[in-house]
2 protein chains.
Amino acid sequence: MNTSATPQLRPGGRSARVQAAVHQAVRELQQEDTDGLTVPAIASRAGVTPSTIYRRWGDLTQLLADVAVEQMRPDTAPPDTGTYRGDLETWLGDYLEEIASEPGRKMLRDVLCTPVPDNACRCAEFMAQQVDIIRERAIARGEHVVSTRDVIDHVLSPLLYRILFASEPPSVDDLHHWIAGVLGHRR
Amino acid sequence: MNTSATPQLRPGGRSARVQAAVHQAVRELQQEDTDGLTVPAIASRAGVTPSTIYRRWGDLTQLLADVAVEQMRPDTAPPDTGTYRGDLETWLGDYLEEIASEPGRKMLRDVLCTPVPDNACRCAEFMAQQVDIIRERAIARGEHVVSTRDVIDHVLSPLLYRILFASEPPSVDDLHHWIAGVLGHRR
DNA sequence: TCACTAACGCAAAGTATTTGCGTTAGTTTG
DNA sequence: CAAACTAACGCAAATACTTTGCGTTAGTGA
């Protein structure tokens, strides 16, 4: 029932090994089978029994959400292009490309579809962190910056709205237009 | 397998009655049971067999998405408060309250969690229609308006982003701030 | 080392999902 | 209007997934 990734180290805890095996099994099967992604299949691949997965994650959707959140965790800081605007355009461009792809959209759905909102929050924190890194770097350069909140409200939000609700993902031009918008008006 | 609501009228089609019964059963059970919302339960309540539902909708998630989309369809035009800003603040305020509630968030999840993106698109169209009605009314009054696209990008998008990804829904002040933002800057 | 606790494996029981086949209802054609 | 046609439906058997009780095992603290 523990959907979080933080293992509580009480007497009988043995979480790390099983969690790693199950997560890896999910990632592998997601690439191969595309379709037959079931708890028994994951359990078999991970070398555990289905009941282990059910007891630990509850059901398939929560396991998939857990895996998706981990895959969304940034593994590196946004590339430094030398300017605030350049950093935003580059990182958000890469992010757009990644999240607009079919596996990317699947990951987003996996995260959003769990009844517990915690997973989506963690993704939001990841994204805010990246925007913050870009912002701090710009401040160190002496550039004029806007709040991370404004970047999220007026660039990341429309970007994700389009990907989730529209039939076509936003273009890079849309993205640059939104960035120009937040950089243009003050606060 | 026909997940859309438009019934194609070929020889053996008999869709309308069963669809209505199943949709109503889902809505009833969603209020009562909260939890035991299964295909067999829905089928029993609707007076059909489970196989009917599986053949027609594929699985529970697609059925729930279909029902959620129908519940999101606006039944009335946004109230006319006399001004563009007032109409936006009132309709978006009501919308925020509705969609930030637990059943509202559940509906959003149901719509977004289906692999076929068609459902979410229809919801986006519903929302755009409402914003457009408000806009046309303002134009008829001779008011200065902004594009529906800008309202969606800079008001609706952050609103939905917060509801989906943040731990707290946006406040009415946030909403008014976003509306003031789009009404303030040109285009 | 020993006691303790939570997680795990196993297997049986309980549900949900899929599928083949016969039947029924709605549509089109003559 | 009647006959032919087609897709959806009901039924029931087969399959697959999920839940649960109980004994065992591995990690933790004393």
Side-chain angles (χ1 to χ4, degrees), chain A residues 1-26 28-30 32-67 110 113-116, chain B residues 1-26 28-30 32-67 110 113-116:
Chain A
M1 214 67 74
N2 169 26
T3 168
S4 82
T6 59
Q8 61 258 57
L9 301 177
R10 303 230 202 78
R14 183 182 3 164
S15 50
R17 211 177 53 237
V18 170
Q19 161 151 345
V22 170
H23 274 226
Q24 184 181 346
V26 169
E28 289 175 9
L29 289 174
Q30 274 178 334
E32 301 168 15
D33 267 6
T34 313
D35 216 18
L37 192 65
T38 67
V39 171
I42 294 165
S44 168
R45 172 70 64 108
V48 300
T49 53
S51 64
T52 296
I53 293 181
Y54 286 116
R55 274 194 256 251
R56 194 158 162 148
W57 282 276
D59 60 21
L60 179 59
T61 67
Q62 293 184 66
L63 169 57
L64 294 183
D66 195 33
V67 173
D110 288 346
C113 289
T114 163
V116 51
Chain B
M1 214 63 77
N2 168 26
T3 169
S4 80
T6 59
Q8 60 257 58
L9 302 178
R10 303 230 201 76
R14 184 185 359 167
S15 50
R17 209 176 55 237
V18 170
Q19 161 150 344
V22 170
H23 274 226
Q24 183 181 347
V26 169
E28 289 175 9
L29 289 174
Q30 274 178 333
E32 302 169 15
D33 265 7
T34 314
D35 216 17
L37 191 64
T38 68
V39 171
I42 294 165
S44 168
R45 172 70 65 108
V48 300
T49 54
S51 64
T52 296
I53 292 181
Y54 286 116
R55 274 196 254 252
R56 195 158 161 148
W57 281 276
D59 61 20
L60 179 60
T61 67
Q62 294 185 65
L63 169 57
L64 294 183
D66 195 34
V67 172
D110 288 344
C113 289
T114 164
V116 52

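Heavy-atom basis, side chains included; hydrogens, waters and symmetry copies ignored.
For the pair A25(B) and R45(B), the tightest heavy-atom approach, listed with the atom from each and the gap, is CB-CG, 3.5 Å. Closest non-hydrogen pair, P50(A) versus P40(A), comes out as CG-CA, 4.1 Å. The minimum heavy-atom distance linking A43(B) with T49(B) is given by the pair CB-C, 3.7 Å.
Rounded to the nearest 0.5 angstrom, L29(A) CG and T34(A) OG1 are separated by 10.0 Å.
Here the nucleotide nearest the side chain of R17(A), chosen from dA7(C), dG27(D), dC9(D), is dG27(D). Ranking dC9(D), dG27(D), dG9(C) by closeness to the T49(A) side chain, first place goes to dG9(C).
For the pair D66(A) and H23(A), the minimum side-chain heavy-atom distance is below 4.5 Å. Side-chain contact between L37(A) and L64(A) is present, with at least one heavy-atom pair separated by less than 4.5 Å.
Rounding to whole angstrom units, CG of residue L37(B) and P of dA16(C) are separated by 11 Å. Separating the CD atom of Q62(B) from the C1' atom of dA16(C) is a distance of 16 Å, rounded to the nearest angstrom. Atoms CG (D59(A)) and P (dA16(D)) sit 21 Å apart, rounded to a whole Å. Atom C1' of nucleotide dA8(D) and atom CZ of R55(B) are separated by 9 Å, given to the nearest angstrom. Atom pair I53(A):CD1 and dT20(D):P shows a separation of 17 Å (rounding to whole Å applied). In this structure, CG of L60(A) is placed 21 Å from P of dT15(C), rounded to the nearest angstrom. W57(A) places its CH2 atom 11 Å from the P atom of dA7(C), with the value rounded to the nearest Å.
A sub-4.0 Å separation between OP1 or OP2 of dG9(C) and a side-chain N or O of S51(A) is absent. Between R56(A) and dC8(C) there is a side-chain N or O to OP1 or OP2 distance below 4.0 Å.
Within residues 38-48 of chain A, the residues that have a heavy atom under 4.0 Å from DNA chain C are, in order of number, G47(A), V48(A).
Each of T38(A), I42(A), D110(A) was checked for a side-chain contact (heavy atoms from CB on, under 4.5 Å) with L60(A), and the lone residue meeting it is I42(A).
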